[in-house]
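Heads up: the structure comes next, in structure tokens.
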Amino acid sequence: MQILQPPGWPRPKGYSNGILARGRTIHVAGQIGWDESGDIVSDDFAVQFRQVLDNTLAVLAEAGARPEHVVRMTGYVTNRDEYLSAGRELGAIWKERMGRNYPAMAFVIVQGLIEPRAKVEIETTAVLPD
């Protein structure tokens with residue numbers, strides 16, 4: 001994979017502007033903070049975020065993929081302030097689960113998600129090299 005960073009652009013913090021990758025593509029449906037029983041693990045934003053990453057990594061593992069194969073994530077957050085105030089904790093969770101991989105990302109504030117207690121949902125694209 002190649003990180004795409006146009007000359008003169010400021011280096012993004014916590015994500016990449018773009019990634020060039022070749023291989024088999026894995027598309028992971030939006031994951032929320034529920035466990036294998038379908039129960040939301042907590043009403044705490046950071047705890048749900050951790051579970052979202054764990055769920056995403058479990059799906060990727062089914063295809064033999066790991067965190068470093070993630071090239072794109074789109075997140076949907078129900079409360080901007082809650083997301084921003086959890087920033088430091090989210091960063092620590094990210095590093096613990098995803099390492100130093102910073103895919104192309106976007107986060108969008110939404111009015112709500114289908115599961116009423118869900119505070120964050122993330123869909124993911126990964127590429128396994130040929």
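Note that the numbering runs from 1 along the sequence shown for the chain. Predicted, not measured: the structure shown is a model, and the values here were computed from it.
Annotation: salt bridge (charged side-chain N to carboxylate O under 4.0 Å, His left out) contacts involving residues 54-63, sequence neighbours excluded, comprise Asp54-Arg97. Applying the side-chain hydrogen bond (donor to acceptor under 3.5 Å, both in side chains) test to every pair with at least one member in residues 71-81, sequence neighbours left out, gives these pairs: Tyr76-Glu123. For residues 108-130, there are no ring-ring contact (aromatic ring centres under 6.0 Å, His included) pairs, not counting sequence neighbours. Listed by first and then second residue, the salt bridge (charged side-chain N to carboxylate O under 4.0 Å, His left out) pairs involving residues 101-113 amount to none (not counting sequence neighbours).
Residues Trp34 and Gln51 fail the side-chain proximity criterion, which asks for heavy atoms closer than 4.5 Å. The shortest side-chain heavy-atom distance between Tyr83 and Val120 does not fall under the 4.5 Å cut-off.
Looking at residues two or more places apart in sequence or on another chain, you find a side chain to side chain contact (heavy atoms under 4.5 Å, CB included) between Thr25 and His27, Thr125, Val127. For Glu89, there are no side-chain hydrogen bond (donor to acceptor under 3.5 Å, both in side chains) partners, not counting sequence neighbours. Scored by the side-chain hydrogen bond (donor to acceptor under 3.5 Å, both in side chains) test, Arg22 finds no partners at all (sequence neighbours excluded). Gln31 is linked by a side-chain hydrogen bond (donor to acceptor under 3.5 Å, both in side chains) to nothing, counting only residues two or more places apart in sequence or in another chain. Under the rule for a salt bridge (Lys or Arg N to Asp or Glu O under 4.0 Å), the partners of Arg66 that lie at least two apart in sequence or sit in another chain are Glu68.
Of the possible polar contacts, none joining the Asn55 side chain to the Gly33 backbone as a donor-acceptor pair under 3.5 Å is found.
Here the CD atom belonging to Glu121 is positioned 6.5 Å from the CD1 atom belonging to Ile32, to the nearest 0.5 angstrom.
Val71 and Leu57 fall into different hydrophobic clusters, where Ile, Leu, Val, Met, Phe, Trp and Tyr are joined by side-chain heavy atoms under 4.5 Å apart, directly or via other members. Cluster membership check: Leu128 shares its hydrophobic cluster with Met98, using side-chain heavy-atom separations under 4.5 Å among Ile, Leu, Val, Met, Phe, Trp and Tyr.
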Under 3.5 Å donor-acceptor pairs involving side-chain atoms of residues 99-114, not counting sequence neighbours:
unit_1 : atom_1 : unit_2 : atom_2 : d
Asn101 : ND2    : Pro67  : O      : 2.6
Asn101 : ND2    : Val70  : O      : 3.1

Tell me which donor-acceptor pairs under 3.5 Å the side chains of residues 1-14 have, and how far apart each pair is, sequence neighbours excluded?
unit_1 : atom_1 : unit_2 : atom_2 : d
Gln5   : OE1    : Asn17  : ND2    : 3.0
Gln5   : NE2    : Trp9   : O      : 3.0
Gln5   : NE2    : Pro10  : O      : 3.4

Residues 35-49 side chain polar contacts: donor-acceptor under 3.5 Å, at least two apart:
unit_1 : atom_1 : unit_2 : atom_2 : d
Asp35  : OD1    : Ser37  : N      : 2.9
Asp35  : OD1    : Gly38  : N      : 3.2
Asp35  : OD1    : Asp39  : N      : 3.1
Ser42  : OG     : Asp44  : N      : 2.9
Asp43  : OD1    : Arg117 : NE     : 2.9
Asp43  : OD1    : Arg117 : NH2    : 3.2
Asp44  : OD2    : Ala46  : N      : 3.1
Asp44  : OD2    : Val47  : N      : 3.0
Gln48  : OE1    : Lys119 : N      : 2.8
Gln48  : NE2    : Ser42  : O      : 2.8
Gln48  : NE2    : Arg117 : O      : 3.0

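The minimum heavy-atom distance between Glu82 and Ser85, with the atom names listed, is O-OG, 3.2 Å. Between Ala126 and Leu60 the shortest heavy-atom distance is CB-CD2, 3.6 Å. Contact between Arg24 and Asp130 at its shortest, heavy atoms only, is N-OD1, 4.1 Å.
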Before giving the answer on side-chain contact (heavy atoms from CB on, under 4.5 Å), spell out for His69 and Ile26 the whole-Å C-alpha distance, their side-chain angles and the decisive distance to 0.1 Å. CA-CA 9 Å; His69 297 124; Ile26 305 161; 6.0 Å; no
